[in-house]
Novice: 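Please see the structure below; I have some questions.
Proteins get letters first, then strands, A, B, ... in listed order; numbering begins at 1 in each. Excluded from the calculations below are hydrogen atoms, water molecules and symmetry mates; all remaining heavy atoms, backbone and side chain alike, are included. Note that the coordinates shown come from a computational prediction; the quantities given were computed from them, not determined experimentally.
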Amino acid sequence: MQVTLPDGSELELEDGATGADAARAIGEGLARAALAVRQDGQVRDLSAPLVDGAPLEIVTAKSPDALELIRHDAAHVLATAVTELYPGTKVSIGPPIDDGFYYDFEFPEGATVGEGDFERIEAGMREHIKADERFERTDIPATEALKRFLEEDQPYKVELIEDLIRDQGVETVSLYRNGPFVDLCRGPHGPSTKRIKAFKLTSVAGAYWRGDEKRQMLTRIYGTAFLSQEDLEEHLERLEQARARDHRKLGRELGLFMFSELSPGSPFWQPAGMPIWNELTGLWRDENERRGYKEVRTPILYDVELWKQSGHWDKYRDHMYFTDVEERAMGLKPMNCPAHIQIYKEERRSYRDLPIRYSEAGLVHRHEPSGVLHGLLRVRHITQDDAHIFCTEEQVEEEVIACLDFGFFLYEIFGFDPRLELSTRPPVRIGTDEMWDAAEEALEAALRHRGLEYELNEGDGAFYGPKIDLHMTDSIGRPWQLGTVQLDYSMPDRFGLEYTGADNAEHRPVMIHRALLGSFERFIGILIEHYAGEFPLWLAPVQAVVLPIADRHLEYAGRVRDELAAAGLRVELDERTESVGKKIRDAEVRKVPHMLVVGDREQEAGRVSLRRHREGDVGAVEVSELAKDLAAEVAERRAPSAQKDLS
RNA sequence: GCCGGAGUAGCUCAACCGGUAGAGCAGCCGCCUUGUAAGCGGCAGGCUAGGGGUUCGAGUCCCCUCUCCGGCUCCA
């Protein structure tokens with residue numbers, strides 16, 4: 001047989017040769033370094049026979065495939081140690097993931113495993129790695145595997161095999177053995193356990209079997225593995241740095257917002273946080289106006305009759321807050337759409353009025369399950385940058401495109417690059433199939449005509465319509481949804497919305513629900529992490545602080561402060577009788593972008609010594625010029641020239 | 001909501017096997033009048049999340065509740 005190597009050369013091998021044979025034929029060093037092979041885009045075991053005539057690539061520690069391979073190996077080693085330490089443990093699945101691996105177990109009755117047990121488990125894993133146990137693959141008939149796992153009382157493996165047989169008509173399955181542990185596994189694996197050069201267990205968590213909350217909760221152990229100790233340490237270092245930009249930590253340190261046990265999931269905005277809020281809502285307001293939206297403001301509490309009519313009562317009740325003062329049942333709004341519908345219905349509408357675009361920084365309350373609350377990123381008190389567009393069917397595509405463009409305009413300001421998802425009809429929904437067909441088609445057309453890439457998320461739409469969502473990730477890579485553009489043919493129907501057409505007949509408008517930042521709470525949370533608390537000037541809570549050196553400079557310092565304030569800047573004067581070093585340190589810790597030191601020299605020259613956050617001393621500048629420059633930078637809402645590295 | 005973990009001064013963290021709750025920073029008072037990341041000294045600060053229990057004695061052990069953290073499910 002013959003295979004082609006990456007450099008184009010041909011390698012002649014005996015029939016039935018394996019990856020290991022090929023590596024050896026090329027060189028002893030490579031044979032030692034080889035972890036697996038890649039052929040036809042697939043990674044395979046070194047021990048697997050090669051495909052005749054196909055290009056061959058030897059996977060070594062340098063290959064992009066290597067990490068995934070050894071992490072998968074590590075997951076098996078984890079299961080090996082765990083089943084030894086906790087006899088009777090039932091194993092389920094253990095895949096590699098983005099930055100590590102996990103394995104889900106059902107521990108024997110009464111046993112709980114926490115992070116305190118990691119040391120023992122890791123010690124067990126190290127034993128197996130030291131023993132350099134080979135990963136041996138055997139292909140056996142599915143029925144035989146079924147029998148084996150039934151005998152071993154491994155119900156999760158049994159279920160997996162049963163499903164493989166039933167859904168995919170699988171006849172043979174592969175088992176992998178390393179030391180005493182045998183697992184049902186598709187592979188591939190590295191040659192032996194010793195190739196896992198560095199690993200660490202990171203956390204333990206509950207996870208539903210097959211992600212189904214109605215099924216058994218298993219114990220998931222997370223870990224990570226690398227090809228060298230240095231890589232592992234670097235990874236842990238990165239995690240450490242990511243934690244430093246956690247918005248909850250920065251929010252507390254910078255005095256931006258807080259939470260109280262007395263109102264879980266509801267942020268309290270502290271003085272330093274308000275400028276961010278106000279600047280952001282200001283930007284939102286300016287742009288809405290420029291794009292033809294009319295701002296409205298609506299109540300938060302409504303008769304439950306409204307929620308019954310909108311369908312929220314049926315589909316969303318569990319997430320709503322209710323109250324019945326004086327025997328009248330009322331509910332806090334979880335969405336703004338029914339409120340905007342009331343305004344639409346207040347007058348007769350003509351086709352000449354459409355599209356009508358209502359925007360509102362709408363305060364909604366959603367009873368999010370207690371376990372999911374997460375700083376500003378998942379709250380119960382949500383201020384959406386909401387808007388509802390009432391338009392004709394012909395106008396839908398154009399309006400959707402305008403929404404997306406609006407979104408990209410906003411994200412551009414912050415240097416965000418969101419990911420798009422198109423979500424289609426969910427199993428539980430209102431409206432007819434014809435409505436859903438039209439709505440899904442319209443959204444797809446808008447995406448297609450703008451040439452935008454998106455992921456398809458079938459069955460994930462809102463209960464009243466399909467949607468396009470815009471996603472971002474936080475400092476440690478967790479994805480969060482920001483904006484959403486949702487199409488709705490149902491709500492206008494339920495509320496009997498109409499407009500008079502050119503034909504003098506009544507027609508039904510289409511509604512577009514649209515939030516671009518998502519919610520101001522979440523967006524600010526993402527911003528804090530994105531900027532690591534070092535906001536661009538227009539968002540900085542305090543834009544400049546004047547630092548007099550001694551008491552005799554207080555008066556001049558006050559004049560400097562006033563001049564900058566007159567230019568519209570948020571500026572403070574540090575009047576404390578502290579050393580300059582101390583005042584500078586405090587301003588640096590607060591991440592104030594500009595520090596203006598004034599002493600005898602500056603006072604005499606009518607200047608300030610400018611120090612920039614993280615940059616240090618810049619030198620003396622004219623006060624009037626500085627005021628002008630800073631005001632201009634604020635007016636442009638200029639993004640920072642480049643994202644600075646955290647060090 | 002589910003699984004696991006945690007909750008000690010405003011913040012960050014100590015407190016051995018159950019034996020008088022302690023430090024740094026922040027705060028307050030004084031001194032220092034200060035030149036680019038912490039000047040010096042003193043004082044004050046606690047129902048150890050809340051409630052119940054075991055014990056001569058509980059921050060520490062047990063039970064319940066609340067909140068937070070990491071996941072899962074769900075979600076802007």
Side-chain angles (χ1 to χ4, degrees), chain A residues 102 104 106-107 112-117 202-222 246 248-249 252-253 255 258-265 318-319 334-335 362 364 366-380 382-386 460 462 467 469-472 476 478-484 486 513 515-523 525-526 547-554 576-589 595-602 609-619:
Chain A
Y102 67 79
D104 285 348
E106 183 188 336
F107 285 97
T112 58
V113 174
E115 290 179 19
D117 302 297
T202 50
S203 65
V204 57
Y208 298 107
W209 169 233
R210 300 200 144 176
D212 184 344
E213 63 177 327
K214 288 179 195 68
R215 306 203 61 183
Q216 178 74 31
M217 169 74 72
L218 305 173
T219 303
R220 174 171 299 178
I221 297 179
Y222 283 95
D246 187 312
R248 292 166 298 185
K249 178 177 147 77
R252 184 173 51 246
E253 288 171 356
M258 52 164 269
F259 287 92
S260 160
E261 289 193 8
L262 299 173
S263 186
D318 293 346
H319 295 278
M335 296 180 193
V364 300
R366 296 181 184 175
H367 188 267
E368 302 290 343
S370 55
V372 306
L373 300 179
H374 186 92
L376 292 178
L377 301 185
R378 189 75 181 267
V379 293
R380 289 177 173 157
I382 307 169
T383 312
Q384 295 182 305
D385 67 315
D386 212 357
D460 212 29
K467 57 179 185 171
D469 290 330
L470 302 132
H471 292 259
M472 283 287 302
I476 51 176
R478 286 182 288 213
W480 294 96
Q481 184 178 323
L482 296 180
T484 182
Q486 312 181 342
H513 307 240
L516 298 172
L517 306 177
S519 73
F520 288 102
E521 289 85 359
R522 178 176 291 178
F523 197 79
I526 296 276
L547 310 177
I549 285 172
D551 291 350
R552 63 178 180 280
H553 310 118
L554 270 174
R576 297 174 303 166
T577 54
E578 291 284 358
S579 66
V580 182
K582 172 68 169 168
K583 292 179 184 179
I584 284 173
R585 182 185 151 77
D586 287 346
E588 288 282 359
V589 168
M595 287 152 275
L596 318 176
V597 179
V598 297
D600 293 333
R601 296 198 295 268
E602 291 76 12
S609 277
L610 176 63
R611 179 192 168 99
R612 289 212 187 90
H613 177 61
R614 283 186 165 280
E615 252 171 71
D617 198 355
V618 177

Novice: Taking salt bridge (charged side-chain N to carboxylate O under 4.0 Å, His left out) as the test, write out the residues that go with R378(A), two or more places apart.
Specialist: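 R378(A): salt bridge (charged side-chain N to carboxylate O under 4.0 Å, His left out) contacts with E368(A).
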
Novice: With sugar-phosphate meaning primed atoms plus P, OP1 and OP2, does G518(A) contact a base, only sugar-phosphate, or nothing at under 4.0 Å between heavy atoms?
Specialist: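 Contact class for G518(A): sugar-phosphate only.
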
Novice: Holding to salt bridge (charged side-chain N to carboxylate O under 4.0 Å, His left out), I want the full list of residues that pass it with R585(A), two or more places apart in sequence or in another chain.
Specialist: none

Novice: Kindly write out the residues that satisfy side-chain contact (heavy atoms from CB on, under 4.5 Å) with A205(A), not counting sequence neighbours, or none if the list is empty.
Specialist: Y222(A)

Novice: D460(A): which residues meet the salt bridge (charged side-chain N to carboxylate O under 4.0 Å, His left out) condition with it, sequence neighbours left out?
Specialist: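 For D460(A), no residue satisfies salt bridge (charged side-chain N to carboxylate O under 4.0 Å, His left out) once neighbours in sequence are set aside.
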
Novice: Is the closest basic N to carboxylate O distance between R248(A) and D246(A) below 4.0 Å?
Specialist: yes

Novice: Got a sec, which residues hit side-chain contact (heavy atoms from CB on, under 4.5 Å) with E213(A), two or more places apart in sequence or on another chain?
Specialist: Y208(A)

Novice: Scan Q216(A) against the nucleic acid and name what it touches under 4.0 Å (heavy atoms): base, sugar-phosphate only, or nothing.
Specialist: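 It contacts nothing in the nucleic acid.
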
Novice: Hey, where does RNA chain B pair up into stems, meaning at least three consecutive Watson-Crick or G-U pairs with distances under 3.5 Å?
Specialist: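 Expected stems, ordered by start: B:1-7 with B:66-72, B:10-13 with B:22-25, B:27-31 with B:39-43, B:49-53 with B:61-65.
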
Novice: What residues form a side-chain contact (heavy atoms from CB on, under 4.5 Å) with V113(A), not counting sequence neighbours?
Specialist: Y86(A), F107(A), D117(A), I121(A), I221(A)

Novice: Side chain of K583(A), backbone of V597(A): donor and acceptor closer than 3.5 Å?
Specialist: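 Flag not set: sc K583(A) to bb V597(A) has no pair under 3.5 Å.
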
Novice: Does L482(A) reach a base, just sugar-phosphate, or nothing at all? Heavy atoms under 4.0 Å.
Specialist: sugar-phosphate

Novice: Please give the distance between the P atoms of A21(B) and C47(B) as a whole number of Å.
Specialist: 13 Å

Novice: With side chains defined as the heavy atoms from C-beta onward, is the minimum distance between E588(A) and D586(A) less than 4.5 Å?
Specialist: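 A side-chain contact under 4.5 Å is absent here.
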
Novice: Please report the distance separating the P of U48(B) from the corresponding atom of G7(B), rounded so that it comes out in whole Å.
Specialist: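 These two P atoms come out 14 Å apart once rounded.
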
Novice: Which letters describe nucleotides 23-34 of chain B, given B = protein heavy atom under 4.0 Å from base, S = only from sugar-phosphate, - = neither?
Specialist: ---S-----BBB

Novice: Using a cut-off of 4.0 Å on non-hydrogen atoms, how would the nucleic acid contact of S519(A) be classed: base, sugar-phosphate, or nothing?
Specialist: base

Novice: R248(A) side chain N/O closer than 4.0 Å to the phosphate oxygens (OP1, OP2) of G70(B)?
Specialist: yes

Novice: Could you tell me whether D600(A) and R552(A) make a salt bridge, using a distance below 4.0 angstrom between a side-chain N and a carboxylate O?
Specialist: yes

Novice: For S519(A), enumerate each residue passing the side-chain contact (heavy atoms from CB on, under 4.5 Å) test, keeping only those at least two apart in sequence or located in another chain.
Specialist: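 S519(A) satisfies side-chain contact (heavy atoms from CB on, under 4.5 Å) with I382(A), E521(A), R522(A) once adjacent residues are dropped.
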
Novice: How is G371(A) classified with respect to the nucleic acid when contacts are heavy atoms under 4.0 Å: base, sugar-phosphate, or nothing?
Specialist: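 Base: the residue G371(A), judged by heavy atoms under 4.0 Å, touches a nucleobase.
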
Novice: For nucleotides 5-18 of chain B, read 5' to 3', which letter fits each nucleotide if B means a protein heavy atom sits under 4.0 Å from the base, S means only the sugar-phosphate is that close, and - means neither?
Specialist: ------SS------

Novice: Whether T484(A) contacts A76(B) is assessed here as follows: a side-chain N or O lying under 4.0 Å from the phosphate OP1 or OP2. Is that the case?
Specialist: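 Looking at the OP1 and OP2 atoms of A76(B), neither is under 4.0 Å from any side-chain N or O of T484(A).
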
Novice: Report yes if at least one side-chain N or O of H374(A) is closer than 4.0 Å to OP1 or OP2 of G70(B); otherwise report no.
Specialist: yes

Novice: Nearest nucleotide by nearest heavy atom, which residue falls closer to the 5' end of RNA chain B, R601(A) or H319(A)?
Specialist: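 It is R601(A), whose closest nucleotide lies nearer the 5' terminus.
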
Novice: With a 3.5 Å cut-off and heavy atoms only, can you find an N or O donor on one side and an acceptor on the other between the side chain of R378(A) and the base of C74(B)?
Specialist: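 It does, because a donor-acceptor pair links the side chain of R378(A) to the base of C74(B) below 3.5 Å.
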
Novice: Within this structure, what is the CG-to-C1' distance between D318(A) and G1(B), rounded to whole angstrom?
Specialist: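 Rounding to the nearest Å, CG of D318(A) and C1' of G1(B) are 10 Å apart.
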
Novice: Looking at every strand, decide which applies to V364(A) at a 4.0 Å heavy-atom threshold: base, sugar-phosphate, or nothing.
Specialist: nothing

Novice: If the condition is salt bridge (charged side-chain N to carboxylate O under 4.0 Å, His left out), which residues does R380(A) pass it with, not counting sequence neighbours?
Specialist: none

Novice: Please work out if L373(A) contacts a base, only the sugar-phosphate, or nothing of the nucleic acid, heavy-atom cut-off 4.0 Å.
Specialist: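 Sugar-phosphate contact only.
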
Novice: Taking any heavy-atom pair under 4.0 Å as a contact, classify S260(A): base, sugar-phosphate, or nothing.
Specialist: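 Counting heavy atoms under 4.0 Å across all strands, no contact is made by S260(A).
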
Novice: In terms of side-chain heavy atoms of R220(A), which of A38(B), C72(B), A76(B) is nearest?
Specialist: C72(B)

Novice: Which residues satisfy the ring pair (Phe, Tyr, Trp, His ring centres under 6.0 Å) test with H319(A), sequence neighbours excluded?
Specialist: Y316(A)

Novice: Say we look at G57(B) and C3(B): how far apart would their P atoms be, to the nearest angstrom?
Specialist: 34 Å

Novice: How is K467(A) classified with respect to the nucleic acid when contacts are heavy atoms under 4.0 Å: base, sugar-phosphate, or nothing?
Specialist: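 It contacts sugar-phosphate atoms only.
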
Novice: For F259(A), which contact category applies under a 4.0 Å heavy-atom criterion: base, sugar-phosphate, or nothing?
Specialist: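 Contact class for F259(A): none.
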
Novice: Look at the side chain of V597(A) and decide which nucleotide, out of U36(B), A76(B), U73(B), has an atom nearest to it.
Specialist: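 Closest of the options to the side chain of V597(A): U36(B).
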
